Amino acid sequence: MKDKTHEDGIIVAILDRMEKFRIPRALDIKAKVDRGEPLNDADIDHLNLVIQDAEQVKRYIDARPDLQGLYSRAVALYGAITAKALENEQNAT
């Protein structure tokens, strides 16, 4: 039972961080690229943290379908931001 409690703690910590910090900042970055602005190094670093968190929690999410909503939002948001940022870069050249 100790392993289950430990895993639950990890899940809660990572999801809490994603919900309170990673996703809100990613939404700000999305607004930025939606305005046609390029990503800066800090934006890229943050997006890397979003995807690292998603990768860390993936194996736990696979076993907990009730938590897939936040995970799916983070991955979809990352994809939308990177696609729009690439489009912005291509349009700038």
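Small disclaimer: the values here were computed from a predicted structure and weren't measured. Computed from heavy atoms alone, side chains included, the values below leave out hydrogens, waters and symmetry copies.
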Q) Closest heavy-atom contact between Glu89 and Pro38? A) OE2-CB, 3.3 Å
Q. Between Glu7 and Tyr60, what is the shortest heavy-atom contact and its length?
A. CG-CE2, 3.5 Å
Q. Counting only heavy atoms not in Asp41, do more than 12 sit closer than 6.0 Å to its CG atom?
A. no
(Q) Using modelled atom types and a 3.5 Å cut-off, is there a donor and acceptor pairing between side-chain atoms of Thr82 and backbone atoms of Gly79? (A) yes
**Q.** Donor-acceptor under 3.5 Å (Asn88 side chain, Val33 main chain)
**A.** yes
If you round to the nearest 0.5 Å, how far is [atom2] of [Y] from [atom1] of [X]?
| X | Y | atom1 | atom2 | answer |
| --- | --- | --- | --- | --- |
| Leu77 | Ile51 | CG | CD1 | 10.0 Å |
| Arg22 | Ile14 | CZ | CD1 | 10.0 Å |
| Asp43 | Ile81 | CG | CD1 | 8.5 Å |
| Ile10 | Gln56 | CD1 | CD | 8.5 Å |

Kindly indicate whether the side chain of [X], heavy atoms from C-beta on, has any atom under 4.5 Å from the side chain of [Y].
| X | Y | value |
| --- | --- | --- |
| Lys84 | Lys30 | no |
| Ile23 | Val50 | no |
| Arg25 | Asp28 | yes |
| Asp53 | Leu49 | no |
| Asp8 | Arg64 | yes |

Q. Under 4.5 Å between side-chain heavy atoms, hopping through other hydrophobics if needed: is there a path connecting Tyr78 to Ile44?
A. yes
Q.
Test of understanding: clusters of I, L, V, M, F, W, Y form through side-chain heavy atoms closer than 4.5 Å, transitively. Do Ile29 and Leu27 belong to the same one?
A. yes
